[in-house]
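All values derive from a computational prediction rather than experimental measurement.
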Amino acid sequence: MAVTLPDPVRAKLADLQREIKQVLPPESASWTQPGNMHLTLRFLGKVASSRIPELSEKLSRALAGFGDLDLVCEGSGCFPDLHAPRVIWAGVHGAEERLLQLHRRVDEAVAGFAQQPAEAAFVGHITLARFKSIPRSTAEQTARFVEAAAARRFGGWRVPTVSLIHSQRSPAGTSYAERLSANLT
């Protein structure tokens with residue numbers, strides 16, 4: 001389950017990726033294509049097509065009356081940390097814990113459809129890159145860049161819906177397609 005991004009935010013994140021790529025060795029990471037960038041609220045794994053109507057109904061009930069959500073994408077970081085980065089990300093947050101409240105509602109609604117339990121702590125983020133393996137010098141370059149970009153703002157937007165996004169992996173990379181959406185109002 002995910003929140004899609006508006007094009008201006010995607011464009012600024014793509015600019016950030018280009019800057020990072022200039023600092024890092026070529027082929028050091030797998031980069032998220034700007035068109036595939038989204039905020040994951042809950043990873044489900046495989047959901048049978050026959051269960052999509054049930055998922056849609058549960059999600060719609062859980063989100064009814066939540067109201068539009070204003071989000072901001074700003075800052076950057078690494079998972080698990082700057083010293084041993086595996087993922088480079090841009091942060092996403094909402095006012096007054098509303099993003100966390102949305103995450104909880106989505107998680108409760110879709111828990112019976114997920115192949116694995118939810119992560120212990122939700123951190124709103126957009127994945128920009130994943131490292132396959134990272135030498136110490138590349139980790140240090142990454143840390144310096146991410147720290148320098150920590151205060152950057154990539155934009156804000158209003159979120160009226162949450163989407164089920166299906167990922168399809170292939171030798172050419174991962175592609176994403178929306179399978180359903182649920183309104184927050």
Participant: Would you mind reporting whether I88 and F131 have side-chain heavy atoms less than 4.5 Å apart?
Facilitator: yes
Participant: When you measure from the side chain of E178 to the backbone of I165, do you find a donor-acceptor pair of N or O atoms at a distance under 3.5 Å?
Facilitator: no
Participant: May I ask you to decide if C78's main-chain N or O and R86's side chain share a donor-acceptor pair within less than 3.5 Å?
Facilitator: no
Participant: What pair of heavy atoms forms the shortest contact from E96 to Q101, and how long is it?
Facilitator: O-NE2, 3.8 Å
Participant: As a test of understanding, state which of R98, H125, E74 forms a side chain to side chain contact (heavy atoms under 4.5 Å, CB included) with H93.
Facilitator: E74
Participant: Which heavy-atom pair separates H38 from N36 by the least distance, and what is that distance?
Facilitator: ND1-O, 2.8 Å
Participant: So how far is it from T127 OG1 to F79 CZ, rounded to the nearest 0.5 Å?
Facilitator: 7.0 Å
Participant: Should the pair F122 and H103 be assigned to parallel (<30°), tilted (30 to 60°) or perpendicular (>60°) ring geometry?
Facilitator: parallel
Participant: Output the distance between atom CD1 (I134) and atom CD (Q141), rounded to the nearest 0.5 Å.
Facilitator: 8.5 Å
Participant: Treating Ile, Leu, Val, Met, Phe, Trp and Tyr as nodes and any side-chain heavy-atom pair under 4.5 angstrom as an edge, say whether L24 and L13 lie in one connected cluster.
Facilitator: yes
Participant: Shortest non-hydrogen contact from V3 to W157?
Facilitator: CG1-NE1, 4.0 Å
Participant: Between T32 and R130, is any side-chain donor less than 3.5 angstrom from a side-chain acceptor?
Facilitator: no
Participant: Just wondering, do F43 and Q116 contact through their side chains at under 4.5 Å, heavy atoms?
Facilitator: no
Participant: Given side chains that start at C-beta, do those of I126 and W89 come closer than 4.5 Å, heavy atoms only?
Facilitator: no
Participant: Could you report the tightest heavy-atom contact between V110 and L55, atom names first, then the distance?
Facilitator: CG1-CD1, 3.4 Å
Participant: Keeping the roles fixed (side chain from T185, backbone from G67), state whether a donor-acceptor pair exists under 3.5 Å.
Facilitator: no
Participant: Indicate yes or no: at least one non-hydrogen side-chain atom of M37 is less than 4.5 angstrom from one of L128.
Facilitator: yes
Participant: Can you name the closest pair of heavy atoms from T138 and P25 and give their distance?
Facilitator: OG1-CG, 3.5 Å
Participant: Please check: side-chain N/O of R105 versus main-chain N/O of A62, any donor-acceptor pairing under 3.5 Å?
Facilitator: yes
Participant: Please tell me if the side chains of C73 and K12 come closer than 4.5 Å, counting only heavy atoms from C-beta onward.
Facilitator: no
Participant: Is it the case that more than 12 heavy atoms not belonging to K46 sit under 6.0 Å from its NZ atom?
Facilitator: no
Participant: Is the terminal nitrogen or CZ of R10 (NZ for Lys, CZ for Arg) located under 6.0 angstrom from the six-membered ring centre of F154 and within 45° of that ring's axis?
Facilitator: no
Participant: Atom CG of L99 and atom CG of D70: how far apart are they, to the nearest 0.5 Å?
Facilitator: 11.5 Å
Participant: Using a 4.5 Å cut-off on heavy atoms from C-beta on, say whether the side chain of L41 contacts that of L102.
Facilitator: yes
Participant: Should E19 and R152 be marked as a salt bridge (charged side-chain N to carboxylate O under 4.0 Å, His left out) after you check the CA-CA gap, both sets of side-chain angles, and the distance that decides it?
Facilitator: CA-CA 13 Å; E19 292 173 35; R152 288 177 62 178; 2.7 Å; yes
Participant: Quick check for you: to the nearest 0.5 Å, what is the distance between Q22 atom CD and F145 atom CZ?
Facilitator: 8.5 Å
Participant: Is it true that L82 and V87 fall in one hydrophobic cluster, defined by side-chain heavy atoms closer than 4.5 Å?
Facilitator: no
Participant: One thing to verify: whether E57 and R51 come together as a salt bridge, which I'm taking to mean a side-chain N less than 4.0 angstrom from a carboxylate O.
Facilitator: no
Participant: Working note: V72 + R153, criterion side-chain contact (heavy atoms from CB on, under 4.5 Å); need CA distance, chi angles, decisive distance, verdict.
Facilitator: CA-CA 8 Å; V72 173; R153 183 179 165 107; 3.3 Å; yes
Participant: Just verifying a value: how many Å separate S163 OG and R179 CZ, rounded to the nearest 0.5 Å?
Facilitator: 13.0 Å
Participant: Check the pair V106 / L63 against side-chain contact (heavy atoms from CB on, under 4.5 Å), numbers first and verdict last.
Facilitator: CA-CA 8 Å; V106 167; L63 299 180; 4.1 Å; yes
Participant: Would Q115 and V47 satisfy side-chain contact (heavy atoms from CB on, under 4.5 Å), going step by step from the backbone distance to the final call?
Facilitator: CA-CA 9 Å; Q115 292 180 330; V47 177; over 6 Å; no
Participant: Just how far is it from atom CG of L44 to atom CE of M1, taken to the nearest 0.5 Å?
Facilitator: 6.5 Å
Participant: Check whether more than 12 heavy atoms from other residues, nucleotides or ligands sit under 6.0 Å from atom CD of E97, and answer yes or no.
Facilitator: no
Participant: Mind running side-chain contact (heavy atoms from CB on, under 4.5 Å) on L69 and L184 for me, showing each step along the way?
Facilitator: CA-CA 8 Å; L69 174 66; L184 296 179; 4.2 Å; yes
Participant: Less than 4.0 angstrom from a charged side-chain N to a carboxylate O is my criterion; do E140 and R136 meet it?
Facilitator: yes
Participant: Indicate yes or no for a side-chain donor-acceptor contact from S60 to the backbone of S56 under 3.5 Å, with no hydrogens or angles considered.
Facilitator: yes
Participant: What is the minimum heavy-atom distance between A139 and H83, and which atoms define it?
Facilitator: CB-O, 4.0 Å
